[in-house]
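What follows is one structure encoded as structure tokens, with my remarks underneath.
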2 protein chains.
Amino acid sequence: MLIGELAARTGLSRDAIRFYERNGLVTGGRLPSGYRDFAPETVPWLLYVRTAQTLGFSLAEIARHGDELRDAPDQAEALSALLAEKIRVIDARMAELAALRAELAARVGTGCPLRAVEAVSP
Amino acid sequence: MLIGELAARTGLSRDAIRFYERNGLVTGGRLPSGYRDFAPETVPWLLYVRTAQTLGFSLAEIARHGDELRDAPDQAEALSALLAEKIRVIDARMAELAALRAELAARVGTGCPLRAVEAVSP
DNA sequence: CTAAACAGTGGAGTACGGTCCAAGGTCAAG
DNA sequence: CTTGACCTTGGACCGTACTCCACTGTTTAG
């Protein structure tokens with residue numbers, strides 16, 4: 001698959017894909033012409049990359065996870081561990097959000113406890 | 001309060017605070033010496049800024065919210081609306097995370113359904 | 001054979017959120 | 001009056017995650 005098609009299928013720009021390649025997030029072969037040639041599985045992988053990214057993982061982290069996965073003796077196990085770790089991260093993040101939500105919710109409708117926030121505004 | 005003390009109390013660097021000031025996130029008076037002079041309420045405000053930031057709001061958004069708040073005819077109401085909006089954002093974010101968590105959880109322990117993710121790694 | 005539509009490279013530029021630094025002013029203590 | 005801690009400014013620089021551009025090579029359709 002050429003880069004243009006991959007871009008179309010993932011919604012990424014060709015430049016972004018080349019950027020990802022430079023940073024070790026994707027690897028493709030090369031055709032005799034020098035054109036990049038991507039495997040079909042690259043599509044779900046890139047979709048996954050975007051998901052992980054919106055989750056707050058940096059590209060470097062995602063690349064590192066990918067590497068760990070590739071180098072693992074037992075891939076299935078490594079992946080399970082990775083996913084489990086991500087789930088922990090998600091849980092932690094959700095807990096933070098829940099705490100913040102509670103804090104905000106407690107202030108909504110009260111005319112007073114917001115002083116700490118409002119009295120100072122820019 | 002001088003900038004150094006504010007920095008110490010908020011955990012921010014003096015440079016970061018000056019950067020925030022340039023970008024309209026904080027305002028302080030000036031002493032005759034030219035030194036910035038911050039009100040005590042700036043401390044909770046900056047702590048709030050950091051919280052909002054970890055929530056995924058950009059400094060520009062936070063500044064804009066602060067402005068809206070300041071300009072609102074009814075501050076208490078404006079703040080309630082703002083908090084309510086943030087809560088919606090949080091809820092959306094949590095829902096995304098929950099969906100992703102479910103997706104990941106479904107794959108953990110299975111040796112097969114992870115192909116889509118694993119077969120492709122960098 | 002040529003033109004269009006792809007692809008490649010390198011490098012500059014962008015926005016964000018800062019950090020670091022030099023040169024210099026201010027202030028309190030000794 | 002000097003020393004040291006603190007403050008000021010402006011500007012350079014960093015990492016992240018890209019985008020845009022010019023110039024060049026390849027492939028494909030007519």
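For B:Tyr20, there are no ring-ring contact (aromatic ring centres under 6.0 Å, His included) partners, not counting sequence neighbours. Under the rule for a ring-ring contact (aromatic ring centres under 6.0 Å, His included), the partners of A:Phe57 that lie at least two apart in sequence or sit in another chain are A:His65. Remark: A:Arg22 engages no residue in a salt bridge (charged side-chain N to carboxylate O under 4.0 Å, His left out) (not counting sequence neighbours).
Residues A:Pro44 and A:Pro40 come closest through the heavy atom pair CD-O, 3.5 Å. Among all heavy-atom pairs drawn from A:Gly24 and A:Ala63, the shortest one is O-CB, 4.1 Å.
Rounded to a whole Å, the CZ atom of B:Arg36 is 15 Å from the C1' atom of C:dT26. If you take CZ of B:Arg30 and P of C:dT26, they are 13 Å apart, rounded to a whole angstrom.
With salt bridges taken as basic N to acidic carboxylate O contacts below 4.0 Å, one links B:Arg18 and B:Asp15.
A:Arg50 is listed as a side-chain neighbour of A:Leu12, based on a closest heavy-atom distance under 4.5 Å. A:Leu2 has its side chain within reach of A:Leu31: a pair of non-hydrogen atoms, C-beta onward, lies under 4.5 Å apart.
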Contact pattern, 5' to 3', of nucleotides 14-25 of chain C - B, S or - by protein heavy atom under 4.0 Å: ---BBSB----B
Residues A:Ile17, A:Arg36; criterion side chain to side chain contact (heavy atoms under 4.5 Å, CB included); working and verdict: CA-CA 10 Å; A:Ile17 294 169; A:Arg36 286 171 186 81; 5.7 Å; no
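You can see that DNA chain D meets the heavy atoms of chain B within a 4.0 Å-exclusive cut from D:dC6 to D:dT9, reading 5' to 3'.
Remark: A:Trp45 CH2 to A:Leu6 CG distance equals 13.0 Å, nearest 0.5 Å.
Within the 4.0 angstrom heavy-atom criterion, no nucleotide atom of any strand lies near A:Leu31.
Five base pairs at each end of the helix from C:dC1-D:dG30 to C:dG30-D:dC1 define two local axes, and these are offset by 10° (rounded to 10°).
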